[in-house]
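Because the structure is predicted, anything quoted here is derived from the model rather than measured. Naming: A, B, ... by sequence-line order, numbering from 1 per chain.
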Number of protein chains: 2
Amino acid sequence: MTTQSWLSQLKAHGYRLTNARKAVVEIVATTTSALNPLQVYEAAKSTYQGLGLVSVYRTLEKLEELELIQRVHLPDGCNAYLPQADGHQHLLICEGCGKAEYFEGDNMEALFSKVAGKHGFSIHEHWLQLFGVCSQCELAASG
Amino acid sequence: MTTQSWLSQLKAHGYRLTNARKAVVEIVATTTSALNPLQVYEAAKSTYQGLGLVSVYRTLEKLEELELIQRVHLPDGCNAYLPQADGHQHLLICEGCGKAEYFEGDNMEALFSKVAGKHGFSIHEHWLQLFGVCSQCELAASG
DNA sequence: TTATAATTGAAAACTATTATCAATAAGGAC
DNA sequence: GTCCTTATTGATAATAGTTTTCAATTATAA
Ligand SMILES: [Mn+2]
Ligand SMILES: [Mn+2]
Ligand SMILES: [Zn+2]
Ligand SMILES: [Zn+2]
C-alpha cells in the first residue's frame with residue numbers, strides 16, 4: 001500500500017514516524033486530485049485531531065524532497081500536490097471535480113526539433129497539461 | 001507601436017491615461033521576458049518616479065481584462081506577465097535569461113483523442129510550455 | 001527505562017496581494 | 001483656457017499565505 005511505502009521511505013531517510021506525518025501521508029498518498037496545504041490539513045485533521053498546519057507544510061516539503069509528491073500548477077492556484085508519476089508523464093485534469101490522471105506516450109520530438117530550429121533554442125524540458133471533463137462529471141452534467 | 005496601441009485601447013475602454021498607466025504599459029508592452037508585479041514596478045519607476053506598486057497591480061489587472069497581457073506560470077513563480085499571443089500559441093522560455101517566445105503549429109489532435117479515449121475524458125484545453133536555452137545564452141555559456 | 005535530539009503546535013514574523021481613503025488630476029463641458 | 005466631476009492615485013492599513021522561532025513533547029536507540 002502506498003501509505004505504508006511512503007512511511008517506510010521517510011523512516012529510511014532518518015525521519016521519525018509521528019502522528020502528524022502519518023496523517024498527512026495517509027491523505028496525500030491516496031488522493032486522486034491535487035490538494036493544497038490547507039486542503040491536506042483539513043482532510044488530515046479528521047485522522048489526527050491535534051495536527052498543526054505548520055506540520056503539513058513541513059511534511060509536504062519532505063515528501064517533495066523525496067520525490068514522492070510533485071507540485072501541480074492549476075488555473076486557480078499553483079501550490080497543489082499530487083503523488084509523483086513514474087518517469088516522464090503528463091497530467092489530464094478534470095475541470096469539474098479536479099480528478100487528475102497521468103498519461104504518457106506523447107511523442108513530440110518532431111515538434112520540439114522544429115521549434116528548436118526555428119527559434120534557435122535547445123530544449124531541455126516541457127510542461128504539458130490537458131484540461132477537460134471526466135466521464136463521471138459528464139454524466140452528472142447531462143443526467 | 002505596441003505601447004501606443006495599448007494606451008489607445010485603454011482609452012477606448014473609458015480608462016484615463018495617467019502617468020502611472022503610461023509607465024507600466026511602456027514596460028509590459030515591450031518586454032521580451034515575463035515580469036512579475038515587482039519587476040514591472042522597478043522597471044517602470046525609472047520612467048515615472050512617483051509610481052506606486054499598487055498602481056502596477058491595478059494596471060496589470062486591467063491589461064489582463066483587455067487581453068493585452070497573459071499570466072505565465074514558471075518553475076519559480078506563477079505571477080509573471082507577458083504580452084498576449086495572437087490566437088492559440090505556446091511558450092518557449094529560456095532558462096538562462098528568461099526570454100520568452102511564442103510558437104504555434106503544434107498538432108496534437110491525435111494525442112488528445114488517444115488520451116481522451118483511454119481515460120474517458122473530453123478535452124477542452126491544454127497547456128504546453130517548452131524550456132531550454134536560447135542561442136545567446138548558449139554562446140555566453142560556451143564562450 | 002532513560003537519554004537524546006528530532007519534531008511538534010502555538011505564536012510571531014514575513015511576504016505578497018488587496019482594500020480603504022483623502023488628495024490629486026484627467027478629461028469633458030463651457 | 002477655466003471649471004467641474006469623478007476616476008485614479010499613492011500612502012496606509014488590512015488580509016492571506018507561508019516561514020521562522022521556541023519551549024514542550026515524543027520517537028527512537030541505548
Ligand atoms: Mn512529454
Ligand atoms: Mn496547442
Ligand atoms: Zn470530474
Ligand atoms: Zn537566454
Distance in angstrom units between [X] [atom1] and [N] [atom2], rounded:
X: A:L60; N: C:dT8; atom1: CG; atom2: P; answer: 12 Å
X: A:K11; N: C:dT7; atom1: NZ; atom2: C1'; answer: 15 Å
X: B:E61; N: C:dA16; atom1: CD; atom2: C1'; answer: 15 Å
X: B:H13; N: D:dA7; atom1: NE2; atom2: C1'; answer: 17 Å
X: A:N19; N: C:dT7; atom1: CG; atom2: P; answer: 14 Å
X: A:L17; N: D:dT26; atom1: CG; atom2: C1'; answer: 13 Å
X: A:Q49; N: C:dT8; atom1: CD; atom2: P; answer: 17 Å
X: B:Y57; N: D:dA14; atom1: OH; atom2: P; answer: 19 Å

Flag, side chain of [X] to backbone of [Y], donor-acceptor distance under 3.5 Å:
X: B:Q89; Y: B:D86; value: yes
X: A:R21; Y: A:T59; value: no
X: A:E64; Y: A:E61; value: no

Out of [options], which has the shortest distance to the side chain of [X]?
X: B:N79; options: C:dT17, C:dT8, D:dA27; answer: C:dT17
X: B:V54; options: D:dT9, C:dA19, C:dT8; answer: C:dA19
X: B:L51; options: D:dG10, C:dT8, D:dA7; answer: D:dG10
X: A:S55; options: C:dG9, D:dG10, C:dT7; answer: C:dG9
X: B:R16; options: D:dT8, D:dA27, C:dG9; answer: D:dT8

Any [X] side-chain N or O less than 4.0 Å from OP1/OP2 of [N]:
X: B:R21; N: D:dT9; value: yes
X: B:Y48; N: D:dG10; value: yes
X: A:T18; N: C:dT7; value: no

So what does A:R58 touch, heavy atoms closer than 4.0 Å: a base, only the sugar-phosphate, or nothing?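 Base contact - A:R58 has a heavy atom under 4.0 Å of at least one base atom.
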Less than 4.5 Å apart, side chain to side chain, heavy atoms only: is that true for A:L10 and A:L63?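 SC-SC contact between A:L10 and A:L63 confirmed.
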Hey, what's the ring geometry for B:H88 with B:H126, parallel, tilted or perpendicular (30° and 60° as the breaks)?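 Because their plane-to-plane angle is over 60°, the rings of B:H88 and B:H126 count as perpendicular.
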Take the angle between the ring planes of A:H73 and B:H73 and call it parallel below 30°, perpendicular above 60°, tilted in between.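 Perpendicular, since the angle between the ring planes exceeds 60°.
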If you take any heavy atom closer than 4.0 Å to DNA chain C, which residues from residues 34-47 of chain B end up in contact?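 Heavy-atom contacts with DNA chain C come from no residue of residues 34-47 of chain B; none.
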Would A:F121 and B:V72 show up in the same hydrophobic cluster when neighbours are defined by side-chain heavy atoms closer than 4.5 Å?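 The answer is no; the residues belong to distinct hydrophobic clusters.
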